[in-house]
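Before any comments, here is the structure.
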Number of protein chains: 2
Amino acid sequence: MHELLIQNLSKFVPLSSLEAEIIQSLFTFKKYRKKQYILQEGDVTRYETFIVKGVTRTYEVDDKGQEHILQFGLEDWWVGDLYSFLTDTPTTYNIDCLEDTQVLHITKADLEILYEKVPKMERHFRILIQNAFIASTKRLSASLSRSAPERYEEFIKKYPQIEQRVANHQIASYLGITPQTLSRIRSESK
Amino acid sequence: MHELLIQNLSKFVPLSSLEAEIIQSLFTFKKYRKKQYILQEGDVTRYETFIVKGVTRTYEVDDKGQEHILQFGLEDWWVGDLYSFLTDTPTTYNIDCLEDTQVLHITKADLEILYEKVPKMERHFRILIQNAFIASTKRLSASLSRSAPERYEEFIKKYPQIEQRVANHQIASYLGITPQTLSRIRSESK
DNA sequence: TCAAAAAGTTAATCCAGGTTAACGTTTTTT
DNA sequence: AAAAAACGTTAACCTGGATTAACTTTTTGA
């Protein structure tokens, strides 16, 4: 069950079997049911989470009680609130499962041990976060300069896997529009 | 003139004077005049840029010719299009100077040398990018759930230094609103 | 298995922020 | 020092997407 993880972690830097061993020992496997929370607002994020199977959503609730999805998580992706994880402060996000989901967790202390025992992981995570940062910047630029239909079209093109697995109103929340608006866009683009 | 850089690079990891030497040797100093471009759409980003003195803006031009500011750059900040830098692809961003500006550049090859000769820099840049990613996520979440006046207020609170040094219409562009709307917000909040 | 809840759609109305335009002020350029 | 360009503000009007509501379809769970 750790195979996918090892494969993921050796994407940017090759790993020896000893290193793979070490990695295995530092992660904990866990199963969640659909609708179950992996993280709730107010919790301190104790571990970063690698998704082995399933779908998650990371969302925030604003002052008016509206939910806004910041990220979906699928197989082979990492989820978690980095800020809360790194600074030991309570998170403002919620992460729950849209399907039954299997994950591997690593705590902050164990991640430090990982960096120490397998220094090349420092590089792996730098690249990983680099990519996440680039994606986030691109999404920000889209939110500044694209209309709702354009953002929807881009989303569909970029994440066809997600479109198939999550409900439309979740996609609307991710795009920053209402389900009604999404429905209109979908019927007009047909 | 490299003092600010060394100070910046030792923020997360301590540096010996030998290491500081190595770092010095890998960066190039450059001066730009106000309005001069550091990077233009279509260029491949050949170096990451550390600002020693001055102010820059990173912006994008959309299909309708509208400019959208993604980031301001001040003293002690890093700017540049990471994606273009890392993948050797032409950038879609422009970076120009809002004041006369002094910077230190490092090329990709020299950054690799830096990682090799001073491995702890890998950690430094991981943390730097981590912070940039967190900031970008927070800004995205604000763009999804905050109104224009709320976003303006947050901006002023978070970057009082920027507010004092850049024109209002630049701030409007950063916030994703028109200068007229910003003007209205400012007069109503007085 | 069937009632209730959740999801999706359509339509009427509303409003935050955009657009256009006019005008005074400040900055830049020559 | 003058002319031109850039900037900031105000006001009238417009519009993309929100809101509200009513209805149908699908999913869920007791």
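Note: hydrogens, waters and symmetry copies are ignored here, and every other heavy atom, side chains too, is used. Below, read A as the first sequence line, B as the second, and so on, with proteins coming before strands; counting in each chain starts at 1.
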CG of Leu182(B) versus P of dG18(C): gap in Å, rounded?
-> 10 Å
OP1 or OP2 of dG18(C) sitting under 4.0 Å from any side-chain N/O of Thr181(B)?
-> yes
Spacing of Glu163(B) atom CD relative to dG8(D) atom C1', expressed in whole Å = 14 Å
In terms of the nearest nucleotide of DNA chain D, which residue is placed more toward the 5' end: Arg146(A) or Val166(B)?
-> Val166(B)
Check whether any side-chain nitrogen or oxygen of Ser183(A) sits under 4.0 Å from OP1 or OP2 of dG8(C), and answer yes or no.
-> no
Nearest-angstrom distance from the residue atom CD of Glu99(B) to C1' of dT27(C) = 15 Å
Nucleotide dG17(D), atom C1' - distance to CD1 of Ile185(A) in whole Å | 9 Å
Glu75(A)/Arg165(A) salt bridge by N-O under 4.0 Å criterion | yes
Return the value, rounded to whole Å, for the distance between atom CD of Glu188(B) and atom C1' of dG17(C).
-> 11 Å
In whole angstrom, what separates Leu144(B)'s CG from dG17(D)'s P?
-> 14 Å
Whole angstrom value for the distance that separates P of dA18(D) from CG of Asp62(A) | 13 Å
Phe12(A) ring center within less than 6.0 Å of His124(A) ring center = yes
Within the structure, does a side-chain N or O atom of Arg184(A) lie under 4.0 Å from either OP1 or OP2 of dT10(C)?
-> no
Starting from C1' on dC23(C), measure out to CD on Gln180(B) and report it in whole angstrom.
-> 13 Å
Please work out if Lys34(B) contacts a base, only the sugar-phosphate, or nothing of the nucleic acid, heavy-atom cut-off 4.0 Å.
-> sugar-phosphate
Is Tyr152(A) close to Glu163(A) at the side-chain level, that is, under 4.5 Å between some pair of heavy atoms?
-> yes
Between Tyr32(A) and His105(A) the two heavy atoms that sit nearest each other are OH-NE2, 2.9 Å
Looking at His169(A), does any N or O in its side chain come under 4.0 Å of the phosphate oxygens OP1/OP2 on dA6(C)?
-> no
Would you say Thr178(B) reaches dG18(C)'s phosphate, i.e. side-chain N/O to OP1/OP2 under 4.0 Å?
-> yes
Taking only the side-chain nitrogens and oxygens of Lys35(B), find out if one of them lies under 4.0 Å from OP1 or OP2 of dT28(C).
-> no
Indicate yes or no for a side-chain donor-acceptor contact from Glu60(A) to the backbone of Ile69(A) under 3.5 Å, with no hydrogens or angles considered.
-> no
